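In what follows, a single structure is set out as structure tokens and then discussed.
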Amino acid sequence: MTWRLALLLLAAASLVPASQARIDQHTGTFRAQEEVLYLWSGEHVRRLVPGFESLAADIYWLRTVQYFGGQRLFVSGKRFELLRPLIDITTTLDPRLEIAYRYGAIFLSEPPPLGAGRPREGVAVLERGVAALPESWRLRQDLGFFHVLFLKDPQTASRILIEASQIPGAAFWLRTMAADVLAKGGDRASARLMWQRMFEQSEEGIIRENARVRLSILDSLDARDALAAAVAESARRHGHWPARLDKLAAEGLWRRPLADAAGYPFGYDPSTGRVFITDQSPMWRPD
Amino acid sequence: MGGRLSRTLAVAANTFRETVRERVLYNLVFFAILLTVAGLLLGQLSVRQDEKILKDIGLAAMDLFGTLIAVFIGTGLVSKEIERRSLYPLLAKPLSRGEFYLGKFAGLAFTLLVNLGAMLLGLLLTLLLTGRRPDPVLLGAVFPILLGLLLTVAFAMLFSSLTSATLAAVLTVSVVVVGRFADVIRGMRDVAPGVPPALVNALFAIVPNFSNFDFKSKVAYGDAVPAAVLGWTMLYAAAWIVVVLGLGLAAFRARDFK
């Protein structure tokens, strides 16, 4: 009798994952996150869990990470519509969760396919963070950086970086960077410095990885420009654009690989002499 | 005086033994599993927020499990004795109703203290084993949780002296939930300016503000709760506990068991 019962239990238990897989097949694995739209305001969620707001914020934070990771990995035509509401709910429940502002801002701002491509929303998240944590110079620094990197607004960025530099404990270089941003209008060197700072300040994980990719993109852009200069030099010598990029090595004009930081060969148009990062490469970004 | 105290303590010791026999402390096993699983998984999922989340889970579990014990065991402390008629032989002994009532309260209070202590130890151990610093500031949240639980027990006993265990549990849960929303009552002036301020003040005064005992979010970020705040919180809890226990004792004394 006992073994029969055990067998029955085992059979029933094995039906659980099988039926779940079938349900997922019909409704989509990530449908659960869409429920969050019914709780459109963090304030409503907060009212539902008096005394347990912090734990609720953790749950929403884990869902945010899961949602974003899931969308990035498994969804084609990623739009990350729920990223903003999830971040808003999380930070309403726990306004001190600094990582949520930084994470939300980066991945709302990054262009697709890495992020949602909505930099104004990313900046809005950071502004909210700065209001909630006025003593955090890093959040204010990020807000300044984002004004340069995504909104191309060096004036505002410079003002915010000066404000950040006045917060006790702030990094000493913020004031210099504010002046640089204003003087150079957020050129590639300033952008490199900003991503380098974000890379150094982040612990191992997705935010650090994003900064690393950004630095690699800047390296690729530098390499592309140097290659374009070599192409121009070859054209000056011969009176026409080189037929292929590998001719440059034979002429002693190029000694490095003819590929971007991700290993993808640079694109080249011999009729115009234009060198470019191909859109197949993860280093490619829209101009 | 000494005899009165020893009789009260005897009831308390008996109540503690009874709760242990009722497997109340089994919740610790669930707590241990929860923390172990959280400790193992969070590092992967939380983008470096595992320490904070671990503390949140630990403290929330202390609060939640403690409240469940306080409500469901607390409401049974008096009413069960009445329903099982085991109260009558007890009261026939040289034991006053006051000694019985306070002894029951002290016994469950000790159970909750042991439960919270074990959970705190478990949380500190988990932090230590996952390479984090076992933070003593956590005590700044655990102590107020205990105060809130003691007030919950006082309410549970008050209601169970007046009515059945089931209704007492419903009423106690209602008081705790309303108490956690006390700030909404205080904020009523902003959303409903027509309500007379005296009414708002009176409502706010008669509802125990359970959010006063909530420092979980603060300590999860490593912030210490100032001693003065803890002192006032203790006084607030003591005042409420004395009032509610006093009312419960009066109701219990007035009850006719014939």
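What's counted below: heavy atoms across the whole structure, side chains too, no hydrogens, waters or symmetry copies. Convention: sequence-line order gives letters A, B, ...; per-chain numbering from 1. Please read these numbers as outputs of a predicted model, since none were measured by experiment.
Taken from NZ in B:Lys218 to CZ in A:Arg96, the straight-line distance is 7.0 Å, to the nearest 0.5 Å. Atom CG of B:Asp56 sits about 7.0 Å away from atom CG of A:Asp94, to the nearest 0.5 Å. Distance check, rounded to the nearest 0.5 Å: CG of A:Asp58 to NZ of B:Lys52 gives 3.5 Å.
Neither the backbone nor the side chain of A:Ile59 comes within less than 4.5 Å of any heavy atom of chain B. Only the side chain of B:Asp214 comes within less than 4.5 Å of a heavy atom of chain A; its backbone N, CA, C and O stay farther away. Within the 4.5 angstrom heavy-atom criterion, atoms from both the backbone and the side chain of B:Ser217 approach chain A. For B:Leu64, the parts lying near chain A are the backbone and the side chain together; criterion is any non-hydrogen pair under 4.5 Å.
For A:Arg120, the CZ atom is loosely surrounded, since the number of other residues' heavy atoms within 6.0 Å does not exceed 12. Within 6.0 Å of the CZ atom in B:Phe30, the count of heavy atoms belonging to other residues, nucleotides or ligands does not exceed 12. Dense packing is recorded around CH2 of A:Trp173, with more than 12 heavy atoms of other residues, nucleotides or ligands lying under 6.0 Å away.
No side-chain heavy atom of B:Leu59 sits under 4.5 Å from any side-chain heavy atom of A:Phe52.
Using modelled atom types, one side-chain atom of B:Lys216 and one backbone atom of A:Gly51 make a donor-acceptor pair closer than 3.5 Å.
Per-residue heavy-atom pair counts under 4.5 Å with chain A were compared for B:Ala60, B:Ser211, B:Gly148, and the maximum is reached by B:Ala60.
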